[in-house]
Protein chains: 4
Amino acid sequence: MPRVSEEHLERRRQQILDAAQLCFARKGFHETSMQDIFSESGLSAGAVYRYFKSKDDIIAALATEATVEVRTAMTNALRSDPLPTPAQLIQVIAEHVVERSGPDGPVRLAPQAWALALIDPKAAEYVKDGVRAMRDRWHEYVERMVEVGWLPPDTDIRAVATATVGLVPGFMLQHLIIGDVDPETLARGVQTLLPFGQPTAHSVDT
Amino acid sequence: MPRVSEEHLERRRQQILDAAQLCFARKGFHETSMQDIFSESGLSAGAVYRYFKSKDDIIAALATEATVEVRTAMTNALRSDPLPTPAQLIQVIAEHVVERSGPDGPVRLAPQAWALALIDPKAAEYVKDGVRAMRDRWHEYVERMVEVGWLPPDTDIRAVATATVGLVPGFMLQHLIIGDVDPETLARGVQTLLPFGQPTAHSVDT
Amino acid sequence: MPRVSEEHLERRRQQILDAAQLCFARKGFHETSMQDIFSESGLSAGAVYRYFKSKDDIIAALATEATVEVRTAMTNALRSDPLPTPAQLIQVIAEHVVERSGPDGPVRLAPQAWALALIDPKAAEYVKDGVRAMRDRWHEYVERMVEVGWLPPDTDIRAVATATVGLVPGFMLQHLIIGDVDPETLARGVQTLLPFGQPTAHSVDT
Amino acid sequence: MPRVSEEHLERRRQQILDAAQLCFARKGFHETSMQDIFSESGLSAGAVYRYFKSKDDIIAALATEATVEVRTAMTNALRSDPLPTPAQLIQVIAEHVVERSGPDGPVRLAPQAWALALIDPKAAEYVKDGVRAMRDRWHEYVERMVEVGWLPPDTDIRAVATATVGLVPGFMLQHLIIGDVDPETLARGVQTLLPFGQPTAHSVDT
DNA sequence: CATGAATGAGATTTCATTCAT
DNA sequence: AATGAATGAAATCTCATTCAT
């Protein structure tokens with residue numbers, strides 16, 4: 001079936017990634033055998049290995065993508081005008097997370113990628129990039145918080161970004177592992193702590 | 001009626017767990033072979049299997065313990081008098097995390113346990129307990145924040161706990177994966193966001 | 001009725017054999033994959049399989065050729081007039097061997113063909129032919145040795161040919177595997193043992 | 001079955017080597033699968049891999065041994081008193097070769113080892129050692145030939161050893177591949193060429 | 001005539017676990 | 001109680017070959 005279109009090749013590649021994502025989300029990187037991926041994709045061993053050099057290659061491709069959409073959602077949200085409050089921002093992100101957290105959802109790969117990064121130096125590279133990218137978004141957001149006067153001009157922006165970056169994995173873990181949290185609750189909690197954009201903010205505190 | 005003392009048995013058991021923890025911290029649950037544990041512990045296969053029914057049993061024992069000390073540290077801190085500010089509290093916890101995050105440290109097991117929980121229902125049970133226990137501590141702390149007037153009486157305590165619980169895994173991931181954060185920075189960020197116990201709190205906001 | 005010329009077909013065939021010979025000389029029959037041959041020849045799988053039914057076919061074609069040139073050299077030398085001494089003959093052959101023993105040289109296929117012949121009955125056929133052809137040359141040479149009076153008339157020609165035939169593989173193995181022998185040394189050794197054509201021959205022996 | 005005797009371990013090791021030798025002699029290194037060795041030895045995969053790190057390890061162990069007995073036979077023969085004639089010596093060796101050349105005989109591994117040495121640098125090491133050891137024996141023999149006056153005092157011993165060393169592989173190849181030669185014929189041929197210890201030696205030549 | 005994507009059997013090796021000693 | 005030899009299923013990956021285009 002040679003001399004196929006570029007598009008055909010890309011479709012095959014995606015077919016494999018889709019199958020692998022389902023398998024990984026269900027069984028994890030290690031417990032998923034290549035045979036699982038062959039079966040799920042409907043392709044033969046040789047076919048899969050034509051598109052990916054190794055299982056690690058497939059994992060790398062997916063682990064890199066796992067949180068891309070969530071980050072994109074965050075980027076869009078934080079750049080909207082007027083600046084969303086922290087509660088609004090986190091709610092948008094949390095909703096994206098929930099949407100992609102079903103039994104087969106790509107978000108389930110994120111904790112596995114974190115675990116992998118502690119073990120495998122190759123994986124550490126790209127997982128590090130992902131986490132850093134997330135923190136960069138928060139950094140940008142905190143800058144804008146300063147701009148609009150929600151935080152003082154002398155704010156240590158990096159320090160604040162470091163603190164806030166935990167909101168997303170914190171929600172992911174609670175959602176994926178315990179499963180009893182929802183974006184609204186999270187947003188309400190954040191609004192209570194960071195009552196920007198509300199007249200009653202921290203009134204007790206004064 | 002055993003020939004050896006109860007104490008001897010307990011010591012052997014701990015010997016195995018210590019060895020396994022080092023191995024797991026270095027290579028992860030899956031990449032660590034039982035042989036690795038035999039070698040590290042200096043015991044034979046038969047000996048290890050006398051104390052633990054299976055590899056999963058060892059993982060369960062360790063994954064349960066992984067964050068126990070960090071939680072204890074948190075419990076102690078939040079019950080001290082006067083109530084620590086969020087920044088003080090998180091700094092104490094983060095310092096405990098850092099201390100236990102060396103190349104062999106038990107904290108490295110936590111992300112692996114999270115990943116495992118998504119895959120293995122048995123593991124999900126005890127990991128869930130661990131995460132819930134952490135959230136319960138935050139719940140208790142938020143209650144006290146209300147008591148001392150840092151948050152309004154009608155605060156949705158559960159929602160705020162849900163939000164704050166991410167601070168610790170957020171820091172752990174940044175520390176373990178990227179490695180460029182420290183407790184002081186985190187505390188400063190938290191102090192900026194939640195400026196309790198400081199006269200200048202959110203003054204920009206009014 | 002082919003669309004392309006006979007010459008084109010032959011050229012393609014040779015192109016494949018040339019590529020395969022390089023691969024086989026470098027990596028051996030088994031370690032060379034068909035993909036290696038595709039790459040080296042610049043042809044596609046389909047193209048190669050149009051000219052050769054199987055990998056074994058290519059091996060057969062090359063293993064047959066491997067020592068043809070060396071045998072031709074021997075034939076020419078032994079038929080020259082006057083009859084070369086054994087030392088002269090072996091030196092000519094050894095020089096041909098050395099010339100064809102570089103990293104990619106066809107002589108490197110010979111030991112592989114011998115090994116293959118012990119395993120594969122098909123290969124045994126043509127390798128047997130090659131070895132027999134070599135022995136026939138020696139047979140012819142020994143006949144001429146008798147003719148010129150270097151060996152007695154009642155010489156068991158076949159027995160002598162059997163003995164001498166080892167000189168070439170013996171040199172090949174030492175040259176290919178150890179690499180510290182040269183045609184001159186070999187010739188000197190032969191001249192010492194079989195001092196024909198020299199006045200000092202076996203003077204110790206008389 | 002632990003805490004077994006040293007002897008038991010050695011027996012197991014030999015059991016594996018014996019099985020592997022049969023397999024390799026019959027099918028060659030590559031065509032023999034590890035499964036073949038498991039079956040032939042009656043051991044499980046795990047058992048075999050306890051004693052040998054890899055298939056290459058087994059090959060190395062056997063390829064090293066393949067010609068040891070033949071070399072020992074040669075050593076014994078050449079050191080006997082009085083010095084055997086070349087014909088006597090080669091006949092003894094050839095008989096040893098024939099005895100060990102049956103369908104399962106270890107001598108069948110020698111050509112395979114030669115072929116392997118051209119491809120695999122690891123194998124080249126030990127095969128080189130084997131070939132060199134063989135040449136050293138011939139070197140020793142040629143020295144003694146000089147001592148007893150069969151060759152002149154100014155003989156280039158190394159050159160002569162280089163020439164004679166081919167007698168054994170030459171016979172092996174003819175015997176293994178064509179199968180129509182026998183030690184007596186070979187000895188007769190050598191006697192004709194190197195007529196030491198006989199009154200009629202090279203009489204034609206004078 | 002030529003392409004090269006696809007096949008799928010089969011190769012080597014590892015590993016958790018058992019149990020005779 | 002302790003040993004460690006043995007098991008054998010399963011994992012990843014390769015490769016000669018085919019055939020639709």
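Residue numbers begin at 1 in each chain, while the letters A, B, ... track the order of the sequences. The basis for the numbers below is simple: all heavy atoms, side chains too, and nothing from hydrogens, waters or symmetry mates.
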Inset, instruction - Please figure out whether F38(C) or F38(A) has its closest DNA chain F nucleotide nearer the 5' end. - result: F38(A)

Inset, instruction - Determine which bases of DNA chain E form Watson-Crick or G-U wobble pairs with both distances under 3.5 Å, and write the result as a 5' to 3' dot-bracket string with | for other-strand partners. - result: .||||||||||||||||||||

Legend entry - Side-chain donor/acceptor of T32(D) to backbone N/O of C23(D), under 3.5 Å: yes

Inset, instruction - To the nearest Å, give me how far apart CD1 (I37(C)) and P (dC15(F)) are. - result: 12 Å

Inset, instruction - Please collect all salt bridge (charged side-chain N to carboxylate O under 4.0 Å, His left out) contacts where either partner lies in residues 38-55 of chain B, sequence neighbours excluded, each pair once. - result: R26(B)-E40(B), K53(B)-D57(B)

Inset, instruction - Classify the side-chain pair Q14(B)/R11(B) by whether it contains a donor and acceptor separated by less than 3.5 Å. - result: no

Inset, instruction - To the nearest Å, give me how far apart CZ (F29(B)) and C1' (dC15(E)) are. - result: 18 Å

Legend entry - Expected output: side-chain Q112(B) to main-chain F29(B) donor-acceptor under 3.5 Å: yes

Legend entry - Side-chain N,O (H8(C)) to OP1/OP2 (dA2(E)) below 4.0 Å: yes

Legend entry - Any Y49(D) side-chain nitrogen or oxygen under 4.0 Å from OP1 or OP2 of dA5(F): no

Inset, instruction - Please test K27(D) against I119(C) for side-chain contact (heavy atoms from CB on, under 4.5 Å), starting from the C-alpha separation and ending with a verdict. - result: CA-CA 5 Å; K27(D) 305 178 64 176; I119(C) 277 5; 5.6 Å; no

Inset, instruction - For H30(A) and for M34(C), locate the closest nucleotide of DNA chain F by heavy-atom distance; then report the residue assigned to the nucleotide nearer the 5' terminus. - result: H30(A)

Inset, instruction - Give a yes or no on whether the backbone of L62(D) and the side-chain of Q21(D) come within a donor-acceptor separation of less than 3.5 Å. - result: no

Legend entry - R11(A) CZ to dA5(E) P, straight-line distance once rounded to whole Å: 14 Å

Inset, instruction - Residues of residues 40-48 of chain B with any non-hydrogen atom less than 4.0 angstrom from an atom of DNA chain F: list those, numerically ordered, please. - result: S44(B), A45(B), G46(B), A47(B)

Inset, instruction - With DNA chain E as reference, determine whether S54(B) or D56(D) sits nearer its 5' end, using the nearest nucleotide of each. - result: D56(D)

Inset, instruction - Could you tell me whether the side chain of Q15(C) and the main chain of S41(C) form a donor-acceptor pair under 3.5 Å? - result: yes

Inset, instruction - Check for a donor-acceptor pair, side chain of R108(B) on one end and backbone N or O of L118(A) on the other, with a separation under 3.5 Å. - result: yes

Inset, instruction - Keeping the roles fixed (side chain from D36(C), backbone from S33(C)), state whether a donor-acceptor pair exists under 3.5 Å. - result: yes

Inset, instruction - I would like to know whether I58(A) and L17(A) meet side-chain contact (heavy atoms from CB on, under 4.5 Å); could you show each step before the answer? - result: CA-CA 7 Å; I58(A) 302 181; L17(A) 287 178; 4.3 Å; yes

Legend entry - Value in whole Å for how far the C1' atom of dT12(F) lies from CD of Q35(A): 11 Å

Legend entry - Length of the line joining R12(C):CZ and dT3(E):C1', which is rounded to integer Å: 12 Å

Inset, instruction - Take atom CD1 of I16(A) and atom P of dC13(F), then tell me their distance rounded to the nearest Å. - result: 14 Å

Inset, instruction - Take atom CG of D57(C) and atom P of dA16(F), then tell me their distance rounded to the nearest Å. - result: 14 Å

Inset, instruction - Compare side-chain N and O positions of R50(A) against OP1 and OP2 of dT7(E) and report whether any pair is under 4.0 Å apart. - result: no

Legend entry - Side-chain N or O of Y51(C) closer than 4.0 Å to phosphate OP1/OP2 of dC1(E): no

Legend entry - Nucleotide dA11(F), atom P - distance to CG of D36(A) in whole Å: 7 Å

